[in-house]
Amino acid sequence: MKKSHIRLAMLGAMTAFGFIIAFSAILPAAQQKPVLKVFISVDMEGISGIVHSDQTTSGTAEYAAGRKWMAQDVNAAVEGALEAGATEVVVNDSHGSMRNIDPDDLDPRAILISGSPKPLSMMQGIGASFSACILIGYHAKAGTEDAILDHTISSSVVRAIRVNGFEIPELGLNAAIAGYYGVPVILVSGDTAVCRQAGEILGQDVVTVAVKEAYGRLAAKLVPMGEARRLIKAGVKEALGKLGRAKPFKIAPPCRFELEYHVSAQADMGAMIPGAKRIDARTLAFAADDYIQGFRTLRAMIALAPAR
Ligand SMILES: [Zn+2]
């Protein structure tokens, strides 16, 4: 190549480089929007309108309504997240078979994770790339008075789960999975009881949206459906607006798990898992250096136990 050609080529390259710099400076704002990924885990017992397991169990006459309400609550959260600047919203169906949300009913701008089993169960799909986690339709821990369909993971198997000495509801067990990846839980929706437990565990900065107030396990005073969804959407926008203050919920290892079953026959089965220590007739304990590993062992111990 002649010298003059080399100079021309260099000039061309420099011009192109300058063009790239100039071009990137005038990129429209939408293309420079920072990534803000939001993860939503959606359970069913705390969904607006739900007061009975007939509304949360497939094969019953009332289930069609329940799953529709579930999609509408989660769509309100999706809409709030997108209006607050979310660039990606992932929704993990987290109840029972985990095939409750009809994909056709979900806001088409969100991505759905459907079906089970999943390694991280209600938190499948979460990871360090997410900025925030939202729990929609959650419920209080087993043994809570005046709470709709209170339970912890399995109504028929689990009486209580304790980690490092504290009894923890599903919202806490799952918040610790998000926290493991550095992601804060910024909003919890459900009845007034789960909202209270969310504040106790995650601190008062977490936004809670109560969509019903229970009179017992199977009856509640409902927030009107449209209003409940407006509250969820507004709550998500508020929570994302103060995201900078949110802190991930972490359970520091070593983690000592205790699983109290309803009956001793269930503990007989769980005790077969290596590392399990029987601390009384119906309670097993085990230690884990890694929270996720401990969570998986816990789930295996629950799955192994026969229903009451
Ligand atoms: Zn559920």
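For clarity, every value in this text was computed on a predicted model and none was experimentally measured. We count ligands from 1, going down the list as the structure has it; atoms in each ligand are counted the same way.
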Side-chain donor or acceptor of R278 paired with backbone N/O of A281 under 3.5 Å | yes
Could you check which N/O/S atom of H95 is closest to the Zn ion (ligand 1)?
-> ND1
Shortest-distance N/O/S atom, E45 versus the Zn ion (ligand 1) = OE1
Between R229 and E227, is there a side-chain N and carboxylate O pair less than 4.0 Å apart?
-> no
Under 2.8 Å from the Zn ion (ligand 1), is there an N/O/S atom belonging to H139?
-> no
Result for side chain to side chain donor-acceptor pair (under 3.5 Å) between S94 and one of S41, S116, S121 points to S41
Are the side chain of H151 and the backbone N or O of K141 linked by a donor-acceptor pair below 3.5 Å?
-> no
Nearest to the Zn ion (ligand 1) - the N/O/S atom of D43, by atom name | OD1
